[in-house]
Trainee: 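Submitted below is the structure of interest, expressed as structure tokens.
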Amino acid sequence: MSVPPFTRPASMPSAAQTLATSAAQEARLRHRLEQERAWGDDAGIVRYLEKTELDDRLRVAGAVGALYSPHCARMQPAGLVAGLAEAVTRAGVRLHESTPVTSISAGRARTPAGDVRAPYIVRCTEGFTADIPGQHRTLLPMNSSMIVTGPLSDKAWKSIGWDRFETLGDEAHAYMYAQRTADGRIALGGRGAPSRCGASPARSPPCPGSATGRLAGNRSRPAGRGCTGCTPSTGRRTGWSQPAIPRARPCWPAWAT
Ligand SMILES: Cc1cc2nc3c(=O)[nH]c(=O)nc-3n(C[C@H](O)[C@H](O)[C@H](O)COP(=O)(O)OP(=O)(O)OC[C@H]3O[C@@H](n4cnc5c(N)ncnc54)[C@H](O)[C@@H]3O)c2cc1C
């Protein structure tokens with residue numbers, strides 16, 4: 001496995017904040033806090049930040065409050081994968097890369113290099129599952145896109161705050177998440193564009209301009225003029241089993257790019 005050297009640990013302690021930018025979002029946040037309390041989560045796990053306290057941490061245009069959880073880790077996904085590969089190899093697992101599975105049946109995964117037989121076959125092909133024969137309708141391929149700003153100036157960071165690098169989301173019905181990257185940019189993500197019917201990954205542009213535009217226009221972006229120059233973007237297929245958002249609250253792990 002060829003991975004770049006990492007100068008940072010794969011996981012960094014952080015905290016998570018979910019913002020409200022309207023009265024309706026605030027009502028949903030407060031309702032969610034009640035639900036967390038009903039599960040026994042006290043203020044050490046999750047608590048409400050009023051606007052003044054939120055502003056001390058991070059200034060977001062239109063934000064009126066936030067749910068805050070100190071328990072969160074930001075992960076460098078490539079570092080995570082490299083570390084996992086190293087750990088399982090050390091434990092005696094044989095890894096075979098660059099080996100496409102062309103079909104899966106009970107106890108057998110077929111590849112151009114030969115069949116792999118095992119009592120259990122675990123299919124971990126996410127949004128690519130639809131390309132495997134017989135699995136076309138198993139998972140819904142859904143495009144997920146991210147954009148990242150250019151590096152922000154010290155002046156912009158002074159006006160934004162965000163010194164603790166909390167992961168960020170909001171309570172809008174449209175999905176979004178953001179974080180301050182280690183190299184001083186803001187990475188923003190969202191999702192929702194289904195892959196075109198029957199399209200292969202090659203024919204599905206990963207991050208269409210319209211998605212980038214929607215992300216760049218996201219009203220939850222932090223205050224500060226430095227955020228406007230969003231250009232580089234990335235995106236890829238994810239696989240969804242049901243029309244629900246599979247996320248853990250309140251701490252949605254975030255990739256530190
Ligand atoms: C832009 C973007 C941002 C995201 N941000 C976050 C975030 O902040 N936090 C978070 O928790 N999650 C995030 N996610 C989701 C997260 O990345 C995925 O849920 C996670 O990577 C899924 O891991 P996986 O190993 O199940 O699948 P994947 O990482 O998709 O791996 C599937 C693998 O299967 C391989 N494969 C496909 N077909 C075959 C075949 N026929 N034979 C052999 N191999 C095959 C693929 O090459 C791939 O390596 C994001 C996703 C995207 C696209």
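Only heavy atoms go into these numbers, but all of them, side chains included; no hydrogens, no water, no symmetry mates. Fair warning: this is a prediction, and the values are worked out from it, not measured in the lab. Both counts, for ligands and for their atoms, begin at 1 and track the order of listing.
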Trainee: Tell me, please: is Thr102 in heavy-atom contact with ligand 1, that is, under 4.0 Å?
Mentor: no
Trainee: Counting each atom of ligand 1 from 1 as listed, which ones have a heavy atom of Cys124 under 4.0 Å away?
Mentor: 32 (C), 33 (C), 34 (O)
Trainee: If you apply the rule salt bridge (charged side-chain N to carboxylate O under 4.0 Å, His left out), what do you find for Asp55 with Lys51, and how did you get there?
Mentor: CA-CA 6 Å; Asp55 283 349; Lys51 182 171 168 45; 3.1 Å; yes
Trainee: Which atom names give the shortest non-hydrogen contact between Ala182 and Arg74, and what distance separates them?
Mentor: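 That would be N-NH2, 4.2 Å.
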Trainee: In terms of atom number and element, which parts of ligand 1 are under 4.0 angstrom from non-hydrogen atoms of Val101?
Mentor: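 Once the distances to Val101 are compared, the set is 40 (C), 41 (N), 42 (N), 43 (C).
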Trainee: To the nearest 0.5 Å, what is the distance between CG on Asp42 and CZ on Arg37?
Mentor: 6.5 Å
Trainee: Determine, using heavy atoms of Pro100 and all atoms of ligand 1, whether some pair is separated by less than 4.0 Å.
Mentor: yes
Trainee: Is Thr125 close to ligand 1, meaning an N/O of one under 3.5 Å from an N/O of the other?
Mentor: no
Trainee: Kindly write out the residues that satisfy side chain to side chain donor-acceptor pair (under 3.5 Å) with Glu50, not counting sequence neighbours, or none if the list is empty.
Mentor: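 Per chain and number, Glu50 pairs via side chain to side chain donor-acceptor pair (under 3.5 Å) with Arg30.
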Trainee: Taking 4.0 Å as the limit for heavy-atom contacts, which would you say applies to Thr99 with ligand 1: side chain only, backbone only, both, or neither?
Mentor: backbone
Trainee: Using only atom types and a distance under 3.5 Å, with no angle test, would you say the side chain of Gln76 pairs donor to acceptor with the backbone of Ala78?
Mentor: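 Yes, because the side chain of Gln76 sits within donor-acceptor range (under 3.5 Å) of the backbone of Ala78.
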